[in-house]
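Per chain, numbering begins at 1; letters A, B, ... match sequence-line order. The structure presented is a predicted model; accordingly, all values stated were derived computationally and were not measured.
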Amino acid sequence: MTASTIIFYLLAAITLGSALLAVTTRQIFRAAIFLLFTLIGIAGFYFWLQYEFIAAVQIVVYVGGIVVLIIFSIFLTQQSGEEMPKPKWGRTLFAALAAFCGFALILTQILLHPFAATSDTVTEASVSNIGKQLLDIDQNGMALPFEVISILLLAAMIGCIVIAMRQPDENKTLNDA
Amino acid sequence: MPGLYHILFISTALFFIGVYGFFTRRNLITMLMSTELILNSVNLNFIAFNKYLWPGKLDGVFFTIFIIAIAAAEAAVAIAIIINLYRSHKSIDVEKAEEMKY
């Protein structure tokens, strides 16, 4: 039992445990905090696999961005201390059944499939390698998807502003209420 | 030493925990959280395959970066829609927003 193995099982316990709590707890604010721990656990897996850049991106974008956005929207839309109503008994049962059957099916397929490594050469996932290939316009370059993602982010930004903008005629009724 | 199968087990479990949350929750913000769990399990898969099966290439890393970017855009748009829905319905429960159902 090496240190690496112990760290792996520790990360697995943190990730899966807080993920389970995030989908079952009835206080929405606690769910957001458990989601935070799940995302940090996944960043830990990226560190464990020695993909440091992806781990940093995961922490910056998910933990620093999306979770904060979710917590803000919880504060804007409802009382954070209020408990959510219990889901119906039948729905819980069938959701658990569907999730378990899917899990069993996928897991048997994974365990039956012999995965074979394709090459022995190792390209280090350093920032300079990632940056060079991401902005390359040769046949292995990723410049076109990169630009598509840029356009998507721009469209999402404009879309967010337009959707969340307060309508001028609505303004009066909201101030009255 | 844990290998590829261990990580695939964890990402599969995470995916179906997300699916379970998506089925049981009726609150839009918690459903969004379940979606984030599902997207994260896919990211973990891409990184594990890149590490153990295609160590000579970086394609899994790029897919992960793109999925993270798309997830961020998706979360921002979803939260704009949720806030707008809260303004018009005073609730973010999916059962209460059913004008377009029938």
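Heavy-atom neighbours of A:I137 CD1 from other residues, nucleotides or ligands within 6.0 Å: at or below the threshold of 12. The environment of A:F8 atom CZ is dense: over 12 non-hydrogen atoms of other residues, nucleotides or ligands sit within 6.0 angstrom. Heavy atoms from other residues, nucleotides or ligands lying under 6.0 Å from CZ of A:F37 number 12 at most.
Heavy-atom distances place both the backbone and the side chain of B:A71 under 4.5 Å from chain A. In this structure, the portion of A:L35 lying under 4.5 Å from any heavy atom of chain B is its side chain and not its backbone. Contacts between A:A32 and chain B at a heavy-atom distance below 4.5 Å involve backbone atoms as well as side-chain atoms. A:I149 touches chain B through its side chain: at least one heavy atom from C-beta onward sits under 4.5 Å away, while N, CA, C and O do not. Residue B:L28 does not touch chain A at all, counting heavy-atom pairs closer than 4.5 Å. Using a 4.5 Å cut-off between heavy atoms, A:T25 contacts chain B through both its backbone and its side chain. Within the 4.5 angstrom heavy-atom criterion, atoms from both the backbone and the side chain of A:A31 approach chain B. The contact between B:I70 and chain A is made by backbone and side chain atoms together, counting heavy-atom distances below 4.5 Å. For A:L111, the parts sitting under 4.5 Å from any heavy atom of chain B are the backbone and the side chain alike. With a threshold of 4.5 angstrom between heavy atoms, B:Y5 approaches chain A through side-chain atoms but not through N, CA, C or O. Both the backbone and the side chain of A:V122 come within less than 4.5 Å of a heavy atom in chain B. Using a 4.5 Å cut-off between heavy atoms, A:F72 does not touch chain B at all. Heavy-atom distances place the side chain of A:Y9, and not its backbone, under 4.5 Å from chain B. For A:T5, the parts sitting under 4.5 Å from any heavy atom of chain B are the backbone and the side chain alike. Looking at B:I10, both its backbone and its side chain come within 4.5 Å of chain A, counting heavy atoms on both sides. With a 4.5 Å cut-off on non-hydrogen atoms, A:I110 touches chain B through its backbone and its side chain both. Of the atoms belonging to B:I79, it is side-chain heavy atoms, and not backbone ones, that fall under 4.5 Å from chain A.
Ring pair B:F15/A:F103: centre-to-centre distance not below 6.0 Å. Aromatic ring centroids of A:F146 and B:F62 lie 6.0 Å or more apart.
Counting heavy-atom pairs closer than 4.5 Å to chain B, the top-ranked of the candidates A:V162, A:V67, A:T24, A:I130 is A:I130. Ranked by heavy-atom pairs under 4.5 Å with chain B, the list A:P145, A:A22, A:A155 is led by A:P145. In terms of non-hydrogen atom pairs under 4.5 Å with chain B, the most contact-rich of A:I70, A:V57, A:V148, A:T2 is A:I70. Here B:A80 is the residue among B:G21, B:A75, B:A80 with the most heavy-atom pairs under 4.5 Å with chain A. For the options B:N40, B:I68, B:L58, heavy-atom pairs under 4.5 Å to chain A are most numerous at B:N40. With respect to chain A, the highest number of heavy-atom pairs below 4.5 Å among B:V19, B:I47, B:I83, B:V77 belongs to B:I47. Of the listed residues (B:F22, B:F9, B:F23, B:F16), the one with the most heavy-atom contacts under 4.5 Å to chain A is B:F16. With respect to chain B, the highest number of heavy-atom pairs below 4.5 Å among A:A116, A:G102, A:G65, A:A96 belongs to A:G102. Highest contact tally toward chain A, considering only B:L44, B:D93, B:T30, is held by B:L44 [criterion: heavy-atom pairs under 4.5 Å]. With chain A as the partner, the residue from B:S41, B:S34, B:P55 showing the most heavy-atom pairs under 4.5 Å is B:P55. The choice from A:L152, A:L16, A:I106 that makes the most heavy-atom pairs within less than 4.5 Å of chain B is A:L16.
Residues B:K57 and A:T123 have side chains not in contact (no heavy-atom distance under 4.5 Å, counting atoms from C-beta outward).
Between the side chains of A:T92 and B:T24, no donor N or O sits under 3.5 Å from an acceptor N or O. For the residue pair B:S11 and B:N45, a side-chain donor N or O sits within less than 3.5 Å of a side-chain acceptor on the partner. A:Q133 and A:D138 form no side-chain donor-acceptor contact under 3.5 Å, judged by distance and modelled atom types alone.
Summarising the geometry, atom CZ belonging to A:F47 is positioned 13.5 Å from atom CD1 belonging to A:I42; distances are rounded to the nearest 0.5 Å.
Using cut-offs of 30° and 60° for the angle between ring planes, the B:F49 and A:F115 rings count as tilted.
The residues A:R91 and B:E95 are annotated as salt-bridged, a charged nitrogen and a carboxylate oxygen being separated by less than 4.0 angstrom.
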Should A:Y46 and A:Y51 be marked as a ring pair (Phe, Tyr, Trp, His ring centres under 6.0 Å) after you check the CA-CA gap, both sets of side-chain angles, and the distance that decides it? CA-CA 5 Å; A:Y46 296 153; A:Y51 282 76; 8.0 Å; no
Apply the test ring pair (Phe, Tyr, Trp, His ring centres under 6.0 Å) to residues A:F75 and A:F29: give CA-CA distance (whole Å), side-chain angles for both, the deciding distance (0.1 Å), then the verdict. CA-CA 9 Å; A:F75 284 147; A:F29 193 74; 5.6 Å; yes
side-chain hydrogen bond (donor to acceptor under 3.5 Å, both in side chains) between A:T15 and A:T38, intermediate numbers included: CA-CA 5 Å; A:T15 309; A:T38 314; over 6 Å; no
